[in-house]
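Beneath this line is the structure, given in structure tokens, with notes to follow.
When a residue number appears, it is its place in the shown sequence, counting from 1. Values reported hereafter were calculated over all heavy atoms of this structure, with side chains retained and with hydrogens, waters and symmetry mates removed.
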Amino acid sequence: MIGDHATSDRAAFGHLNEGDHNGPHTDCEHGRMRFRRPGAGWTATAALGLAATALGLFLPWLRSGSVLRDSFEFLGVIRTLGALAGTGLTWLPGAWFGIVPAVTLCVAAYALGLRRTAATICLFVTIISGTVAGVAVVEAGNGDTPVGIATAGPTTTAIGATLAAVGAVGVLVSGRRSARERAKGRP
């Protein structure tokens with residue numbers, strides 16, 4: 001009987017679909033209703049991935065004897081050695097130092113409801129950080145040498161970037177679906 005009652009309530013209040021609201025709650029003649037925002041799971045996935053990406057930047061990336069260095073110190077070593085000179089990647093250190101502010105901007109944009117803007121910025125962040133981290137993970141080797149790439153930072157960053165990219169694409173795709181449904185007259 002309870003199932004029948006719930007079905008009849010849905011039929012009686014059929015105009016109250018998830019899209020019929022201007023926020024997480026709607027007041028109507030039938031009482032206060034709580035609605036889930038479409039794409040909230042994708043937003044949470046992207047935010048979690050961005051947090052892991054930022055965390056990975058501060059974990060060890062370079063092993064030099066018993067000293068471990070994070071990605072920013074690693075870039076300092078690369079700059080000092082001039083390893084990027086003449087490679088066309090001289091922009092990389094500047095972009096790398098901009099990742100944490102870009103992650104902060106993405107999370108703030110998600111929190112303010114600017115999901116598509118945040119997802120677009122998130123994709124740029126994940127392309128840069130994920131590519132560099134992925135190359136570092138592949139090149140890390142087995143750790144037998146006294147100087148080499150540590151795996152904790154690059155692995156965490158690569159996993160976070162992948163998760164953030166999946167979440168950002170989900171946000172963008174779920175937004176397109178909602179726009180299409182609104183165009184067809186569905187709430």
Side-chain angles (χ1 to χ4, degrees), residues 38-177:
W42 294 118
T43 301
T45 302
L48 180 65
L50 286 169
T53 300
L55 173 68
L57 299 178
F58 295 99
L59 292 175
W61 278 63
L62 178 66
R63 179 181 46 5
S64 177
S66 62
V67 178
L68 296 173
R69 301 180 189 281
D70 66 23
S71 68
F72 303 105
E73 294 169 324
F74 185 40
L75 277 177
V77 170
I78 288 174
R79 269 188 180 167
T80 302
L81 296 175
L84 297 178
T87 63
L89 296 175
T90 54
W91 58 270
L92 185 61
W96 196 258
F97 287 109
I99 288 177
V100 173
V103 165
T104 305
L105 178 65
C106 286
V107 172
Y110 278 129
L112 293 172
L114 303 170
R115 294 174 343 117
R116 293 175 64 87
T117 301
T120 303
I121 297 168
C122 179
L123 286 174
F124 284 111
V125 168
T126 60
I127 288 169
I128 293 170
S129 62
T131 302
V132 172
V135 168
V137 168
V138 169
E139 294 295 325
N142 58 8
D144 290 341
T145 61
V147 177
I149 298 174
T151 57
T155 302
T156 304
T157 301
I159 291 169
T162 302
L163 193 61
V166 167
V169 169
V171 165
L172 293 172
V173 170
S174 70
R176 286 187 55 90
R177 188 177 321 131

- Note on the structure: Interatomic distance, CD@Glu139 vs CD1@Ile149, rounded to 0.5 Å, equals 6.5 Å
- Report yes if some heavy atom in the side chain of Leu163 is under 4.5 Å from a heavy atom in the side chain of Thr45; otherwise report no. yes
- Query: Going through the distances and angles, do Leu50 and Tyr110 end up as a side chain to side chain contact (heavy atoms under 4.5 Å, CB included)?
  - Reply: CA-CA 11 Å; Leu50 286 169; Tyr110 278 129; 4.1 Å; yes
- Within 6.0 angstrom of Phe97 CZ, more than 12 heavy atoms from elsewhere: yes
- Task: Give a yes or no answer on whether the side chain of Ser174 reaches the backbone of Val171 with a donor-acceptor pair at less than 3.5 Å.
- Result: yes
- Check for a donor-acceptor pair, side chain of Thr126 on one end and backbone N or O of Ala164 on the other, with a separation under 3.5 Å. no
- Message: Looking at every heavy atom in both Gly160 and Ala52, which two are closest together, and how far apart are they?
- Response: CA-CB, 3.7 Å
- Shortest non-hydrogen contact from Ala102 to Ile121? O-CG2, 4.3 Å
- Message: Using modelled atom types and a 3.5 Å cut-off, is there a donor and acceptor pairing between side-chain atoms of Thr157 and backbone atoms of Pro154?
- Response: no
- Which pairs count as ring-ring contact (aromatic ring centres under 6.0 Å, His included) when at least one residue sits in residues 49-71, sequence neighbours excluded? Phe58-Phe72, Trp61-Trp96
- Distance from Leu59 atom CG to Thr156 atom OG1, nearest 0.5 Å? 5.0 Å
- Check step by step if side chain to side chain contact (heavy atoms under 4.5 Å, CB included) holds for Trp42 and Val166. CA-CA 8 Å; Trp42 294 118; Val166 167; 3.9 Å; yes
- Query: What closest approach, in Å, do Ala133 and Ala158 show between heavy atoms, and which atom pair accounts for it?
  - Reply: CB-N, 3.6 Å
- Query: Out of curiosity, Cys106 SG to Leu114 CG, how far, rounded to the nearest 0.5 Å?
  - Reply: 11.0 Å
- Message: Using side chain to side chain contact (heavy atoms under 4.5 Å, CB included), reason through Thr87 and Leu92 one step at a time and then give a plain yes or no.
- Response: CA-CA 11 Å; Thr87 63; Leu92 185 61; over 6 Å; no
- Evaluation steps, side chain to side chain contact (heavy atoms under 4.5 Å, CB included), between Arg79 and Leu84: CA-CA 7 Å; Arg79 269 188 180 167; Leu84 297 178; over 6 Å; no
- Message: So, taking the atom named CG in Leu75 and the one named CG in Leu62, what distance separates them when rounded to the nearest 0.5 Å?
- Response: 10.5 Å
- Query: In Å, rounded to the nearest 0.5 Å, how long is the span from OG1 of Thr53 to CG of Leu48?
  - Reply: 9.5 Å
- Drop me the distance from Ile128's CD1 to Ile99's CD1, to the nearest 0.5 angstrom. 6.0 Å
